Asker: 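Here it is: the structure, laid out below.
Being a predicted model, the structure only gives us computed values, none of them experimental. Heads up: numbering here begins at 1 and tracks the sequence.
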Amino acid sequence: MIDRGIDPAKIMVSPNGVDLTLFGEPLPRDAALTAELGLAVDDDVVGFIGSFYDYEGLDDLIAAMPALVARRPTAKLLLVGGGPMEQALRAQARRRRSPARSASLVACRIPRSSAITAWSISSLIRARRCG
């Protein structure tokens with residue numbers, strides 16, 4: 001935001017109230033799950049694990065992928081979860097007419113026991129929602 005000319009005095013970090021100590025240290029990237037999802041070990045993965053509701057802005061993440069891929073060609077988007085927006089998000093990811101189309105990967109639900117392992121794949125931005 002500062003690079004875009006926003007006065008640093010007007011920028012505030014607003015934490016979401018999640019106690020990060022509950023999650024422990026980040027796990028190393030799970031190579032087996034990375035391969036199973038068709039990702040490369042050196043991909044830059046933007047990850048989301050949660051419910052697919054309109055208010056989450058996941059459509060914005062998919063829409064932003066062309067710009068991100070232009071700057072980081074190894075960027076991939078991994079959405080893990082499900083909900084009312086799942087079909088619309090899958091359709092949006094499929095209809096992208098750009099190199100980013102292959103960068104948008106929407107995965108379906110996974111067992112809770114695999115969530116932390118799936119989280120280990122994310123490397124750029126980790127958007128999570130708890131509660």
Asker: Would you name the heavy atoms of V46 and S122 that are closest together and state the gap between them?
Answerer: C-OG, 4.5 Å

Asker: Using the rule given for side-chain contact (heavy atoms from CB on, under 4.5 Å), can you reason through I2 versus D7, listing the C-alpha separation, both sets of side-chain angles and the distance that settles it, and then say yes or no?
Answerer: CA-CA 7 Å; I2 294 170; D7 178 359; over 6 Å; no

Asker: If I take atom CD from residue E86 and atom CG from residue L58, how far apart are they, to the nearest 0.5 angstrom?
Answerer: 11.0 Å

Asker: Within the distance-only criterion (no hydrogens, no angle test), does the side chain of R29 pair as donor or acceptor with the backbone N or O of V41 below 3.5 angstrom?
Answerer: yes

Asker: Do the side chain of S120 and the main chain of D30 share a donor and acceptor less than 3.5 angstrom apart?
Answerer: yes

Asker: Just so I know, are the side chains of L79 and I62 near enough to count as touching, which here means a heavy-atom distance under 4.5 Å?
Answerer: yes

Asker: Check side-chain contact (heavy atoms from CB on, under 4.5 Å) between A40 and all other residues, then give those that pass, not counting sequence neighbours.
Answerer: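 side-chain contact (heavy atoms from CB on, under 4.5 Å) check on A40 returns D42, D43.
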
Asker: What heavy-atom pair brings M65 and K76 nearest, and what distance separates the two atoms?
Answerer: CE-C, 3.8 Å

Asker: Give me the atom names and distance for the closest heavy-atom approach of I121 to L78.
Answerer: CG2-CD2, 4.3 Å

Asker: Can you label the angle between the F52 ring and the F48 ring as parallel, tilted or perpendicular, going by 30° and 60°?
Answerer: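 The rings of F52 and F48 sit tilted, inter-plane angle from 30° to 60°.
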
Asker: So, for Q92 and D59, which heavy atoms are closest and what is the spacing to 0.1 Å?
Answerer: NE2-O, 3.0 Å

Asker: Who are the side-chain contact (heavy atoms from CB on, under 4.5 Å) partners of D54, not counting sequence neighbours?
Answerer: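 With neighbours one apart ignored, the set is M85.
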
